[in-house]
Protein chains: 2
Amino acid sequence: MAAVITSPPKGSRAARTRATEDRILSVALESFGTKGFDSVSLDDLAADLGITKQAILYHWPSKRVLLDAVIDRAALELIIEFDGALSEEGSGWSRVESIVRRIFRVAMRRPELLGFIREISRIGGDASLRVTADLEPFVSRATTYFEREMDEGRIRRCDSGLLLVSAYSTVLGAATEVEVLRAVGIEPTLRSTVVRRRELLSFLHAAMVAPQALNAQAPR
Amino acid sequence: MAAVITSPPKGSRAARTRATEDRILSVALESFGTKGFDSVSLDDLAADLGITKQAILYHWPSKRVLLDAVIDRAALELIIEFDGALSEEGSGWSRVESIVRRIFRVAMRRPELLGFIREISRIGGDASLRVTADLEPFVSRATTYFEREMDEGRIRRCDSGLLLVSAYSTVLGAATEVEVLRAVGIEPTLRSTVVRRRELLSFLHAAMVAPQALNAQAPR
DNA sequence: ATCAATGTTTACCACTTGGTAAGTGAATCG
DNA sequence: CGATTCACTTACCAAGTGGTAAACATTGAT
């Protein structure tokens, strides 16, 4: 996570540099996430940005290093999107529900972000390690949260890591398999998304909520 | 689905040709499924096969046409893997359970097959259309099956297409997100897979089985 | 005004890409 | 047996790849 938080004087050269780097990272994330890392050349990227490829290589010495920067940016955005959900008010289940809704919202509005994570998983190697490292604080926070919920009996006791990944992959799968929807003749509409989200919440509720948890209310 | 079923005389030239084409398709499916279509050059492919790239281009006029052939092969294998489950004995739920077990088995033994379908989804365009067309008979069969189960009250009534894709993407997600597993510090072992499959079956059971269905038994 | 640092472009390079053309040795067929 | 078809290789090619070098324009400090 190399992102610097402190912002330089507005309008300064440093600020403008950061702005173009931001623009590059943003377009790269979009392209890598939807088309795949190898399918996007630096020339493609530069053309999309209205600059030359050498301008990109000025800011990062190679395409591979640029990818690392995009990974950091993607992880940061993911954490921003989801981390807040962990701090929200409410009982165990309602917080889970809130996380699911967030993931669906992200999957609908920023499909390239989740697609990018998936792409990184496929690239494997150092890229995977990097995203793992970047997301570690969030994962650790989520795990701790689940553990506490279990301790207090609001969630059925189970392996918290497994629970996290099950929930993640389930939601991600359900939220992103748009092409599969098309394969069965369903144009992905808002309505079908709502239906599937409701189904999914019911799934998760059945799987996670401890039977004796009376402070958690079943969905639908 | 251009695959010819009739096999020519064994040992004949035509048979040997079909054998190398088979070998090429097999390696291409493996490579495209794990590394992605654009990440695998014809030279890479040929090197893996111990032949030259022009030998590949002799059998298919372009990389894109080869992809179509690989799509057909992947769809065929998928159908072979799953279609039998629809014909199996048992009540509504036990058949669903059997399908889920099959998908998990495929995800464990042939990850590149599911990875390839996902890759095709990302490529989109004609490739997606082709896999859609190839899988249509199976999808239609599965949908019909679900409709009948609903009519007979063994599965809760809902949109059968949505049910199919929900089940598919949920299972696929849970079965294939190995890298995400690693991200939360879980080395994918046989045990963790078993646990996740059990969780998932419980998910699906809750979502699909009609409450009044007494002939269906809840898992675990 | 000057000058150095900075961000970007033009020009270029070695290498890889998908694809073509022509040649070659073996199997098949008359 | 000889001609031919077939499966494949060697030899190329034009376009595109990531990356380097150097020229160039703009900014900010002196």
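Model, not experiment: these values are computed from the prediction.
- Between B:H59 and D:dC6 there is no side-chain N or O to OP1 or OP2 distance below 4.0 Å.
- For the OP1/OP2 pair of C:dG7 and a distance below 4.0 Å, the side-chain nitrogens and oxygens of A:T17 include at least one atom meeting the criterion.
- Counting to the nearest Å, the C1' atom of C:dT9 and the CG atom of A:L42 are 16 Å from each other.
- In this structure, B:I56 places its CD1 atom 10 Å from P of C:dG18, rounding to the nearest Å.
- Atom C1' of nucleotide D:dA7 and atom NZ of B:K53 are separated by 18 Å, given to the nearest angstrom.
- Between the CG atom of B:D43 and the P atom of C:dG19 there is a distance of 12 Å, rounded to whole Å.
- Side chain of B:A55, nearest nucleotide from D:dT9, C:dT28, C:dT8: D:dT9.
- Put simply, B:R16 has a side-chain N or O that comes within less than 4.0 Å of OP1 or OP2 on C:dT28.
- Regarding contacts with the backbone of D:dT20, every side-chain N or O of A:S62 stays at 4.0 angstrom or more from both OP1 and OP2.
- Rounded to whole angstrom, the span from the CD atom of B:Q54 across to the P atom of C:dT24 amounts to 16 Å.
- Ring-plane geometry between A:F32 and A:F37 is classed as perpendicular, the angle between the planes exceeding 60 degrees on a 0 to 90 degree scale with a lower cut at 30.
- Rounding to whole angstrom units, CG of residue A:D38 and P of C:dG18 are separated by 11 Å.
- Taking 3.5 Å as the limit, the base of D:dG19 and the side chain of A:K63 contain no donor-acceptor pair of atoms between them.
- Under the 30°/60° scheme for interplanar angles, the aromatic rings of B:F82 and B:F138 are found to be tilted.
- Side chain of B:K35 to main chain of A:R122: no donor-acceptor pair is present (N/O by atom type, distance under 3.5 Å, no hydrogens or angles).
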- Item | Criterion salt bridge (Lys or Arg N to Asp or Glu O under 4.0 Å) on A:D72 and A:R130, from CA distance to verdict | CA-CA 8 Å; A:D72 292 343; A:R130 193 178 188 92; 2.8 Å; yes
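- Heavy atoms of B:L57 sit under 4.0 angstrom from at least one base atom.
- Between the CG atom of B:L49 and the C1' atom of D:dC8 there is a distance of 13 Å, given to the nearest Å.
- Here C:dT17 presents its P atom at 16 Å from CG of A:D44, a figure rounded to the nearest Å.
- Taking side-chain N and O atoms only, B:S41 has a distance below 4.0 Å to OP1 or OP2 of C:dT17.
- Between A:Y58 and C:dG7 there is a side-chain polar atom (N or O) within less than 4.0 angstrom of OP1 or OP2.
- Residues B:R110 and B:L29 come closest through the heavy atom pair NH2-CD2, 4.0 Å.
- If you check every strand for non-hydrogen atoms under 4.0 Å, A:T52 touches a base.
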